[in-house]
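Owing to the predicted nature of the structure, the values given are computational and were not obtained by experimental measurement.
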Amino acid sequence: MRRPTGSGVAGGDGPDAPEPDEAVDVAIVGAGFGGLGMAARLRREGTRSFVVIDGGDGIGGTWRDNTYPGAACDVPSTLYSFSFFPSTWPRRFSGQRDILAYLERLVDEHGLGPFLRMGARVERMDFDEGSARWHLRLDDRRLVSARAVVSAVGQLNRPAVPDIEGVERFAGPSWHSARWDHSVDLAGKRVAVVGTGASAVQFVPEVAKVAARTVVFQRSAPYVLPKMDRPYSRLERAVHERVRAVQLADRLRVYLTGETLGLGIVRSRRLLAALTALWRRSMHAQVADPQLRLACEPDYVMGCKRVLFSNDWYRTLARPDVDLVTDPVAEVTATGVRTVSGREEQVDAIIFGTGFATSDVLAPVEVTGLGGRSLREEWSDGASAHLGVTVSGYPNLFLLYGPNTNLGSNSIVFMLEAQIGYVLGALQALDRERLAWVDVRADVQRRFAAWVDATSRRTAWTSGCHSWYTTTDGRNTNNWPSFTFVYRWRLRRFDLLDHTVMPLRASPLATAAPPPASATWATAAGSR
Amino acid sequence: MTGTGPVASATAGEPAASGSAAAPRAPVTAGTLEAPSSGASLLPPPAPAPSLPAAVLRLSMAIVSRRCFDPRLTWPVQRSRLRAAGRLLPLPRLARTTTATLGGVPVEVVTAAGGRVPVPAGRPGGVSAGEAGLAGAVRDAAGVSSATAGWPRTLVHFHGGGYCVGGPFVARSFAVHLAALTGAAVVLPDYRLAPEHPAPAALHDALAVLRALDAVVPGPVVLSGDSAGAGLALAAAQRRRDLGEPLPAGLLLHCPWLDLTADTAPVGAPGRAGDPSLVRRDVVLRPSWLTACARAYAPDGADDPVVSPLLGSIDGLPPMVVQAAADDLLRTDAERLALMAAASGADLQLVLAPGMWHDFAMQAGLVAAAGSAVRQAADAALAWWAPRAPEAPGG
C-alpha cells in the first residue's frame, strides 16, 4: 500500500485538530459504481493517495444491496459499463450478479483492494479552514483527513418503507426489496407485494412463478415497455471479446437509442405519443381482461415518472394466481393487508417494493463547509449543485451522481465518467495553480440552477405527477433536463474561473514542481 | 465560459443566439435598465458571446503591450501609444459616457443608456460632451447627482497603468459591461499620474472623488480598480477606514498591484522576476517596467501602505472580490491578499483565471473569461448593494 502523503495542503493541521487515523489526498465515500470508477481512474493516474470508504461489508453499492430475484439493469450492459474498462457480457441486459462480478473485476485488475476501507459509514464531514482539509468522522470513531472528498453515495440506497399502520403487527416475514430475505422460501406461499416501481416490476414475475398466490398493491400504475433482452450466443461473446469495435458500435447504438427515448421525454410530444402507442399495443397484447387493462393504465403522461422495461410484467399480472389491487392500503394486520375499502388479503409474507428515499441526497451524512455552514440546511428545500458536482461553500467537495444528474433513459455510468473526468480536472488544477482549494462561485451555481429550472419546465417530469424526480413543490432536483452529450460537453474541462480559490500558504513566488509521473498503473494497463 | 445562457429573463431584450456574429458590437441590452429602481430583481442580461479565441487576443495583447509598456520609452510616448491602442477596443453601442468634475478631479461617468446614444469609440477621453442634457448637468458634484438620479447604485473604478500611464479609456469597456449588468453608474476618475505627480497625488485624487460622492450618492459606493487602480482602491479604503470616513459597500480588485516593494527590491533579490516561468508566460507586464513605474510613483520608497497597501491592515474593510490571472506577474499580490484575509477572517473571494493575462477583464466582450469575470463582479456588487436580499448558497 502507498503511504499516505498528506502533501500539498496549506499547512499542518491546527494545534487543536485531532490527530487523524489516516491522511490522504482524496477520500472517496461509497464503493459503488461511482466510487470504484473514481478510484480506478485515480489509480491509473497514480499520483495521489486515496481511500474508498463504505459502510457495507463488500463493494458494489446498489448492485450488492439489491439481490432480489430478477434484479437486473434496464440499460444494456455494453453501455452500462466504464469505457475505460470494457467487458464481455452474457446477455444484453445483465443481471445483478454479473454486474457485481464486473465491479469485483474492476477492483482486482486495478489493485484497489488495499485502498478500500469497508464496514464503517461516514457520519460527518467537516471542512477545516485552517488546514484546508476535510475531516471525515466514521461511525467506528475513526477519523480520516483528506484534501478533497469525492462523495459517491448514490441516490437510490436508503430503502423507503411507507408509514402504513400496523406494519410491526404482521406475524409473518416481511422485508424491503433491497434487503431481500433469502432465508424465506416463497414456494407455495401467499405473498403480498406493496409497490409497482422499478424493483417490483423485476421481482414480481419471479415471485409469482413460485408463490401459490401473489397480491400486488398498486398506488400508481407504471408505464412498462418491452425489454429487448436476450442472452448473447457463444459466437457473439467471442466476437465481443476479440473485436472491440463491435462492442463500441453496440455502445453507440444503445446510446443513440437512449438519447432518442430521452428526446421523447424531454422535448418531443410527437415521439412521446408514438411511444405511448407502442406501450398500449404491448400491454393489450399481454392483458385481455378490460378491467385489468384499466388498472394498468397510468393516469399521467409517459415519462413523468420513471419508464420501466419488462417482457413479463403485464403477463404476470394477467396470471390467475396474481391479483392487482388498486385500492390504497389502509393497514397491515397480523395475518394480512387491509385496504381502505375493507378488503383484506390473508398472506404469509409481505414484500415492500416501495423504492428509496431520494430527494435528500447525502442526507445521512452531516456536512459542514466554509464558516460552518450546513449542507442539510442549505438543501432543506431541494438539493442543488453546479453541474450536479459542486456546491458553493463546500471547497474541494465533489459529488458523483449528485442532484440533477439522474437520467430517465440512458446510462448513469456515462454521466459518472463525465463527472470523474471533471473531478480529475479539478485535482489537476489544484496542483497546477498551487491551490489549497477550489469552491464554485455562488453566482455560477445560481445561474446553473436557473437554467435547470427553465429547461425542466419543458419536460414531462414537471407535467404534474407525483414522483421522486421532483421535490414536493414540483422542482426537478434529480434529473438532467437535457441531452447527455450536452452534459458531457459542459463537463469536458474543469473551468477554474468558475470557482473561488485559496492559494497554498507556501511562498507564492516559489515554482511548483510538476507532479511525478507514476508507472504503477502503466504496466497493468499495458497487459490488457 | 459557463455556457449557461440566459435564464428566462423577461427583461433581457436580446435573444441569446444573436451574440456570436456581432459580439464586439452587440448592444448592451437596454431592457434591463429601464427599471433601475426595481432593486435586486434585476436579472443579468445575456453576456455577449466571445468573438475571439483567447489565443488570438493573447497574441494581440503581447504585441500591444510590448510596444506600450516599455521602460526604455519616455512616459509621454508610452501614454500616446496606449491611447492609440485604446481606440482598438470596441465598445457596446448603448453605452453613455459623460465627463464631469468631482472634488476637483475630472471623471468619466459611464452608464448603459436606455436610449441609443452612440459613443464615439476610442476618441481620446471618449467624451460626448454636451450630450442629451446630461453633460451640462454633470460639471459639478450636484450635476453628478442628477446624472446618477434614477441610478441609485454607483461604482467607482480606478483604471490601471502602473500609476504612470493610461486613463479612464483603459477601463471603459469593462465599465460599460458592469454598468449594463448592474444598472449602476460607473465613475472613472482621471487621477493624476506619476512621475509628474508622484504618491500620494493619486490617493489624494481618489479620496477627493469619494468624498465628493458621499454628498450626492444615496448609498455606499462600490470601490473597484484594475492593476494599479486596484491598489489605489484598496489604499483609499484603508485611508478612509483610518480617518473614520464612510466605507464602500465592497471592493472589486482586478489583477491588483499591491506590493511595490517586490518591484523595487535591491539587485540580487528575486523580487518580481523570481519565477522565470511566470515571467515567460506574462505577455503584458515585464519586471523592468513595473520597477520603472514603482520608482516613478514612489520615489521615496515603496514600503509605505499608501503605495503598497498589502503592507497595511485589511481589518475592518468591506467584503472583497479579487480577480487574478494565472499568467500575470501580479498574481502573487492577489494571492497574498487572499491569504492575509484568510488568516484574519476577512471576507474575500479570490478567483484565478487560468491561461489569462494581466487585466484580462478590460477586454470585456472580447474573450469568454472576461465575461465570466464581469458577471462575478456584477453579482458581487449587486449583493453588496442589497445586503438583505436572499442569497444563494455561498453568497
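For B:D275 against A:R434, the heavy-atom pair with the smallest separation is OD2-NH2, 3.8 Å. Nearest heavy atom pair, residue A:P503 against residue B:L339, reads O-CD2, 3.4 Å. In plain terms, the two heavy atoms of A:E433 and B:E335 that are nearest each other are O-OE2, 4.4 Å. A:R441 and B:V351 make their closest contact through CD-CG1, 3.8 Å (heavy atoms, listed as atom of the first residue, atom of the second, distance).
B:L350 contributes atom CG, which lies 13.5 Å from atom NE2 of A:H499 (distance to the nearest 0.5 angstrom). To the nearest 0.5 Å, atoms CG (A:L496) and CE (B:M356) are separated by 12.0 Å.
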Go through it in stages, so that I can follow the logic: the residues are A:R446 and B:D379, the test is salt bridge (Lys or Arg N to Asp or Glu O under 4.0 Å), and I'd like the CA-CA distance, side-chain angles, deciding distance and then a yes or no. CA-CA 10 Å; A:R446 200 158 46 228; B:D379 186 76; 2.5 Å; yes

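The residue from A:T500, A:L435, A:L497 that alone fulfils the side-chain contact (heavy atoms from CB on, under 4.5 Å) condition with B:L352 is A:L435.
The salt bridge (Lys or Arg N to Asp or Glu O under 4.0 Å) test applied to B:D328 returns no partner, not counting sequence neighbours. In terms of the ring pair (Phe, Tyr, Trp, His ring centres under 6.0 Å) criterion, B:H358 has no residue partners (sequence neighbours excluded).
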